[in-house]
Structures are given as structure tokens and as C-alpha cells.
Novice: 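Here it is, the structure in full.
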Amino acid sequence: MNRTILAVVLLVVVLVIGLAVTVIQTRRGVSGSTPTSYYPITLKDASGQNVTIHSEPQRIVSLAPSDTQFLIALGLGKQIVGVDYYSYLLLKYLNATSDLPQNVTIVNTYPSPNISGLVALHPSVVIDEIGLIGNYASDLSQAGLTTFYTNADYAQNYTAVESYILTLGKLFDRNKEAQQVVNWMNQKIQSFETSGDTSVAYLLWINPDHTFYTAGSGNFINAIIQLAGGSNVFSNTSGYPVLSPSRLILANPQVIIAQELTNFSYTNYMINTMPGITSVSAYQQNRVYIMSENLPTFLLDEPGPLSVYAIQMIKLMIEGKAPHYVSSEWVESTLNVTLPVF
Amino acid sequence: MNKLLPFFALLILSFFVALIYGEVYIPPMALLHPKGAYAIILERIRLPTVFAAAMIGSSLAVCGAVMQMLLRNPLMDPYVSGTASGGAFGAVLSYFLLVFNLPLSYLIYVSPLIAFVFALLSTLITIAIGRRTGVYGLVVGGVVVSFIFSSAVTIMITLISDRFPFVPSVSFWLQGEIVAVGWRGDVLLFVLTVFLIVLGMKHARRIDLVAISDEMSYARGVNPNSYRYTWVVVVSLVSGYIVSLVGIVGFVGIIVPHIVRRVLGGSTTILVPYSALLGCPLLLLANVVSSGLLGTIIPVTAITSLIAAPIIVYVMVKGIAHQSA
Amino acid sequence: MLIKALSVKLNGKLILKEVRLELVKGLNVILGPNGSGKTTLLRSIIGMLKPEEGEIQVEGERSYAPAEFFGADMSVLDVLLSGGAKKHYQEYLEILGLSEFLNRNFSTLSTGEKRLILIAKALAEGDVVLMDEPTSGLDLKNQAKLKRVLLGLKSKTIVVCTHDINLALLADRVALLKNGRIIAQGEPKEVLTEALLSELYDVQVKKVWLDGHSFFFV
């Protein structure tokens, strides 16, 4: 009789304790997560579409170097399962491919994005630039992929770029980190920026007939030049026009910055043989700088967090403190370019 | 003489317009008293470029006229033997070698020469294909060769754009940009143009004969097939050189002889001199627009077609019968 | 002038087989059915086709009035002057009554008128004048004009290929060409018999006398 009662009491105690524990755990479980779950969340992207994310994205694909920079800076590097070729190239220049998972897939995007390859990666979301995806956006949606677009490539200043970082922070529940990235960028900008109006001509590419591409006003590059203490002689144009040597002679810039035409000697040759170049002040004063086609060009062309270093890079050229061939190694060692991860 | 007057007037007018307007605006005062940057631009760039445009317009028009007569096809252009595609291939090839750092990448420094070599090569291949089959074989051969080289160009351009995003579309300057031709290019251009016009006028009657009948040509001691091919070689030399210098300038060779034919008459004795005279201002004015009137440089072929199309439509719709020879 | 043992191939097929032809000053007419090789013969004489065998002994400048040619968008004068060197077109134009066309655009003329122009040109330019079907497409008045001209030119060697048997009657010499072979040649009255013509054309040909002239019909 005593043993039976003991057994029953023990059973009841165990049951009660078990029940209590369960109840307590459940309640803790509820209060352990945020009182209101962050996901699902709906945001409007740069293309105007409303994108709904239902749960924290674990598999991210980025098809633009600017977006890749954003994501890694937000601490999402290890969740990236696919990148485009140029993103990977940029990370290689920075020796930062370890920010990505080892088995990350490089997705082909030229001449058109490899849709089946993308689908095979089962991404939670695909991030890309509007300017890069173009008309293929509808193909991606039709394939059932969740897409989110930024438009940093057409940003006219850093404020616009930072807004995309904040948006992506909101998308991925990394708001705190996003603010940290923005703060980091603003701090770097402040430390680098300077005032001045040295006239600068930026030669994006020189064609075999000596016509050249340059950046007009309203371009990100224009903003960088201004922050670096320079003034773009071609700011009276817009977009990326093709101009003739006559324009260069007439503009008579104090500094010429040219992107490398695949190799240094050919670039030098094309500049030396530009008709009328000997009358241009920059040439006479030996203030011609050639940026090598890897890291330096990426810094200037990709509007991501790393582009703040471009301000310092251009500033050093304007101040005459840069070598005539601005190489990756020089940029690395002088500027200590690192992609911050928060 | 009355007929020549409006042509010369147009020519002189367009010369002035082209000197003043272009990639940069040179105030008319500066033309008389050039100073500083304007002096340099005028001497090194504007004058040689305007001169080149005039020569190119002339010679392409004459080439087109001769080809249209000899091949009995009013829509023939100077690039009948694939010189345009061949030249384009040569130019893009040197770019391709440079960009991919392949052996022979130093060829980029002589890229115009490579373009010219391939323009000639395409001519030789066309002639080899069409040799025995007269007019038909020549035209078909040219089309085939054009396609082959164009496809190769497309492949190379695609590969370049794929691997190197920062290299702007290579095809841009291939479509004709008469922007910064130096005096050195002009000398040969002048010689070729004069040679072409003189030769064309000397042979005008013979060209007429070959156009009318092969049998009549044989009777007069002219082998029409070899005669055609000889002219194809001459035309290809000229057009090949032009392609290597400024890219592919289209439409001038087709349209100018057409206009002359409708307004003045279709004998080669009329076509050659008047096409030469009309080709000049057409290309000069097209180049004014092409070289920056719209904010950025636009390939000149696009402009020549825009200018020429309404003219040819007007001439044909009006049915202006030509006057006597 | 003589053509000896001429054999000519076209596209691998033997068209003319050992043709032996004598030509005299004045009007020579070669009669033959379609595909007998008349045009091939003319083309060989001007050097357009190279013979397999045989030789062509013809002296003097040759000229050719073709059956087919390409529309020339130029004045009649330019057509006459094509090939260079001024010749006495005026004469022949006048005789053929074509002087009024001198400044007209060649392509606006009727086919018959165009042919006459080219015939005038050929007559003016050559000592040996070859004509391919000159009377076809001509109305009776123009045919009459042409015949008058051809008969009056004894200083030139005119070689005419035609179907027009009645023209052959007026010739100085006639040859019958069938399947690439000359089956008869000589003076019209010898060659233009009912028997030979029936053999030539594979059809019964009848000859009649009318007003002192003979005519042929089928």
C-alpha cells in the first residue's frame, strides 16, 4: 500500500514537474524570440516592385560587384551561394575571397544571366543592379526567383549609395550593421575629402581613333572627383559621352587620369599620340596618371563601400603624390583597402 | 557650266560649315586669326579631318558609281568585295589580341595596317570565289565573305565584352568616325582619290560599254569579266584604305550616284565627276552632325543614311527626269 | 574570211561541231533553228568563247549588235559613244531615221528602237559587223529600213544570224546551221531550196513566186 502510494505520488510529481517545465519552456520560447517576428517583411526595391521576404534568407545570390560589397559588409558573406564573375574578381584583388563560402558558385551573366544556373542554386533571394539586369528582370521573375534590385550604379552621390545599404540592411534584418557600414563610410569620406578645384579630365577609355569615353556630370565618378578636390572638366556633358581630342585640348585640364587600356605601354602610346596633347597643361606638367585595370579601376567604378578609398586615391593623384602608374599594389599598400565586415 | 555652279557652291558652303562646327565650335573669327588652343585644333585636327571627310565622300561616291555601272545594279556599294567586313575584322582582331594578351598583341600599334591587309584579303577571296562566273559570282562571293568576317567580328566582340566589362563596345568606332585623321593619312587619301577620279573619267566610256553588253565589249576588245575584276581591285584598295582609316562609312557610295543619275543622267561620264562633287558636301555635313552636334560622337554612317534617305525619296517620288548629256 | 573546223563547247556540251564557214564582203546570213548554235558562233567570232578546236580567220575591226542587252539609263548619244572614239553614227542614224532620238534617254525607247540604235552603232564601228536576230521585234517599216541599209553596205562584212528566211533571200551568202553543223552554204538560190529548208527546220517549207520574188512559208 505504501509502495503504491509512493509510486503514484512520484508519478504525479514527475508529471507536474514535467508539465511545469514544459509550460515554462514554452513561455520562455515565446519571449526568447522578438515579441513580434521580424519576418515576413515587404520592401519596395529600386525597380519599384514590392518584394516580400518570408523568413531570414539563408541562400543569397549577388550579381553585381556593388551589391556583393554591400552584402559582405553587412556580415552576410557566408550566406552568399552565388556571385557573378566580376564580384569574384574584385574579391580576388582584395584577397578577400574567404569572405565568401569556399564552394560559392560563379554565375555567368554575359550576355544574359544563366537562369537555369540560378534556379539550380535555390536562392532565397537574388540581388542585382537594375542597370545590369536590364530586360532580363522579367525572365528571372518568371523563373520563380525572388529578386531585389538596387540602383547604386546610377547613384549621383554617396548619400544615394548609403540609402541602398540601409535598404538591404532592412531586407536582411541587419539594420544595426547597416548603420555601422554607413558610419564607417561617412567617417572615411570625412577623413579623405578635401576642397579644391583642380581641373581633372577622366579618360575612361581611348578608342583607336583617339576619341575617348569620359564621365559627365550626374555620375558617381563626378562626385568622387569633387570630393577629392578636383573639378571634372567635362561636367558640362552628361552620361558617358564619346568626345574627340579637340575637346580635351580646349578643356586644357591640369590633371589627366586615364584607365589602363589593357596594358601600360599601349595606354601611354595612345596618350602620347593623341593629336594636340603636347599643348595640354596636364601633359606639359607631367600630371598624367594611368590607373591599372584591376583594383584601382574597381574602386572608382563600383559604387560600394570600398569606393570611399577612391576619394583618397584620386586625391593623391590630384596632389601629385601618386605614381604615374597607379597599380593595385600601390593602392593596397598606401590605402590599405579592406572591405569591412560588420 | 551652269550645272557645276550649284555643286561648287554647296561644296564651298559645307567646307566652311565643317570648319566651324564639329567636335568643338570654332568661332569664325578664329578661322581668320587662329590663336592658342584653336590654332592647334585647327591645324592638327580640324583641317586634316575636314579634308579627309571631303576626300572620303568623293572617292566612296565614285567607287559606288563605278560598281553600280559595272555590276548593273543600282544598289551596289563600294564594299562589294567584303572590304568593310574584312577591314573591321582586322581592326577588331588587333584589339582582341591586345585585350587577351595573346601573342602578336603588339599588332595593335599597326592596327590600321592590319585592317587594310584583311580588307584586301577579303577582296582576293571574293575574286577567287567568283572568278569564272561573271557578275553574279562576284556579288555572291562578296556577300559570303562579308558574312564570314562579320560573324568572326561578332564572336570576338562578344568574347571581349564577356571578359572585360570596362572595354566599351568595340563596334562603336567601326561604324565610321572621321574625327581625328592626321595629315599623314590625308596624303595617301588625296593621291588615291585623285587617281580614282582621273581613272574613272578616262574609262567612263568603256565602263558604259561593259554595262550595256558583254558581247559588245568583247567586240571592242574589252574582256568584261577581267575588266570588272580589275575595277573591283581598284575600288577595294580605296575602300579598304578608307575602312582602315575611319571605319565603315556607308550609304554615300549607294546614294550619291543615285541622286546624280536621277537629276543629271546615268552615263559614267556624268556619274563620276558629279558623284565626286556631291559626295564631298554630303559627308562633310554628315560629319558635322556626327562629330558632336548631338552632344556625343555618333557614327557617321547613321547620319549619312538620315540625310540621304529623304533626298532619295524626294528624287524618286518627284520623278525628276534627267536632262541630256 | 574563213572559219575553219571550229568546235566550241558551252558548259561542257559541244555546241558547234567542226564548223567550216566562208564569209564574204556584204551580207552573210546564217539561218538555223533555236538552239542550233547561232549565238555561240557569233560569240566565238568576237572572242567571248574559246574554241576547243579550229580557227577563226577574220580580219578587221569587229562590232556586235546583240539580241539581249542591259537597259542603259543614259542618253542615246552616250550609248553610241560608249567604248570610246567617235565614229560616224550620224550617217547610220539618219539612214535608219533615228536622228531624233539622239538626246533621248535610251531606256525610254521601245525595244525595237533600242535594237536599231545598237545596230547603227555596230554598223558605224566595225568592218566585220555581227548581228544577232536584228529583225526580231522590229515593225515592218523598221524591218524595211534595216534591209535597205544592209543591202547597201558592200564594203563591210556583215554576219547576221536570223530566223528571217526572207532576209536570207537578199543576202550575198547564206549558211544553214543545224545542231552545230553547217548543212549547206553558198548563194541564196542554191541554198534556199524547199528540200534544204525543210531539213533545216524539220518542217515542211513551201516556196512560192509572187511578183517576181520568192517567199517562203510553212
Side-chain angles (χ1 to χ4, degrees), chain A residues 64-65 84-86 89-90 108-112 132 204-214 216 234 236-252 259-263 265-267 269-270 273-281 291 293-294 297-298 300-302, chain B residues 22-26 36-46 48-49 91-92 94-95 97-101 105-106 108-109 111-112 115 158-170 172-174 176-183 244-247 291-292 294-299:
Chain A
D84 67 299
Y85 171 71
Y86 307 122
L89 201 59
L90 171 62
N108 192 27
T109 49
Y110 186 85
S112 59
L132 291 179
L204 207 154
W205 189 264
I206 306 175
N207 288 320
D209 63 355
H210 288 108
T211 56
F212 56 89
Y213 285 84
T214 188
F234 297 122
N236 54 355
T237 64
S238 59
Y240 292 96
V242 180
L243 303 176
S244 87
S246 310
R247 294 287 291 261
L248 189 63
I249 297 173
L250 221 52
N252 203 17
Q259 259 179 218
E260 182 181 39
L261 308 172
T262 311
N263 69 52
S265 64
Y266 179 61
T267 320
Y269 169 76
M270 287 304 283
T273 51
M274 174 101 52
I277 191 75
T278 46
S279 73
V280 175
S281 160
M291 286 173 24
E293 68 183 10
N294 33 35
T297 299
F298 260 112
L300 193 56
D301 284 355
E302 294 299 329
Chain B
E23 331 83 63
V24 294
Y25 171 73
I26 299 181
Y38 286 127
I40 297 182
I41 294 176
L42 260 180
E43 188 225 317
R44 301 264 188 92
I45 301 178
R46 185 60 60 87
T49 300
V92 176
S94 17
Y95 232 63
L97 295 173
L98 167 80
V99 164
F100 281 97
N101 207 13
S105 59
Y106 55 78
I108 189 70
Y109 293 101
S111 130
T158 307
L159 288 175
I160 292 176
S161 302
D162 181 35
R163 271 285 158 260
F164 300 97
F166 44 82
V167 175
S169 173
V170 186
F172 186 86
W173 48 262
L174 281 182
E177 273 177 27
I178 312 172
V179 175
V181 185
W183 286 115
S244 70
L245 213 56
V246 296
S291 61
L294 298 172
T296 177
I297 295 180
I298 301 177

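Lettering of chains follows the sequences in order, A, B, ..., and the numbering in each one begins at 1.
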Novice: What part of A:E293 is in contact with chain B, defined as an atom under 4.5 angstrom from a non-hydrogen atom: side chain, backbone, both or neither?
Specialist: both

Novice: So, using side-chain hydrogen bond (donor to acceptor under 3.5 Å, both in side chains) as the criterion, who are the partners of A:E260 when residues are at least two apart?
Specialist: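 Result, side-chain hydrogen bond (donor to acceptor under 3.5 Å, both in side chains) vs A:E260: A:Y325.
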
Novice: Determine whether a donor-acceptor pair (N or O, by modelled atom type, separation under 3.5 Å) exists between the side chain of B:R46 and the backbone of A:S246.
Specialist: no

Novice: Does any backbone or side-chain atom of A:L132 lie under 4.5 Å from a heavy atom of chain B? Answer side chain, backbone, both or neither.
Specialist: neither

Novice: So which residue, A:L204, A:N108, A:L243, ends up with the most heavy-atom pairs under 4.5 Å with chain B?
Specialist: A:L243

Novice: Given 3.5 Å as the limit, does a donor-acceptor pair link the side chain of A:H210 with the main chain of A:S244, or not?
Specialist: no

Novice: Determine the option with the most heavy-atom pairs under 4.5 angstrom with chain A, choosing from B:I40, B:V99, B:L98.
Specialist: B:L98

Novice: Can you find a pair of side-chain heavy atoms, one from B:E23 and one from A:T211, that are under 4.5 Å apart?
Specialist: no

Novice: Under 4.5 Å between any side-chain heavy atoms of B:P112 and B:L245, yes or no?
Specialist: no

Novice: Only pairs of heavy atoms separated by less than 4.5 Å count here; which of A:S265, A:G216, A:S238 has the most with chain B?
Specialist: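 Sorted descending by pairs with chain B, the first entry is A:S265.
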
Novice: Is A:L261 in contact with chain B via its backbone, its side chain, both, or neither, using a 4.5 Å heavy-atom distance?
Specialist: backbone

Novice: Checking heavy atoms, do the side chain of B:Y109, its backbone, both or neither come under 4.5 Å from chain A?
Specialist: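 Both parts, backbone and side chain.
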
Novice: At a 4.5 Å cut-off on heavy atoms, which part of A:N263 comes close to chain B: side chain, backbone, both, or neither?
Specialist: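 Just its side chain gets close to chain B.
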
Novice: How far apart are the closest heavy atoms of B:Y95 and A:I206, and which atoms are they?
Specialist: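 Looks like OH-O, 3.7 Å.
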
Novice: Can you name the nearest heavy-atom pair linking B:W183 to B:E43, along with the distance?
Specialist: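 Residues B:W183 and B:E43, closest heavy atoms: NE1-O, 3.1 Å.
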
Novice: Please identify, among A:Y269, A:Y85, A:Y266, the residue contributing the most non-hydrogen atom pairs under 4.5 Å to chain B.
Specialist: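 Heavy-atom pair counts peak at A:Y266.
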
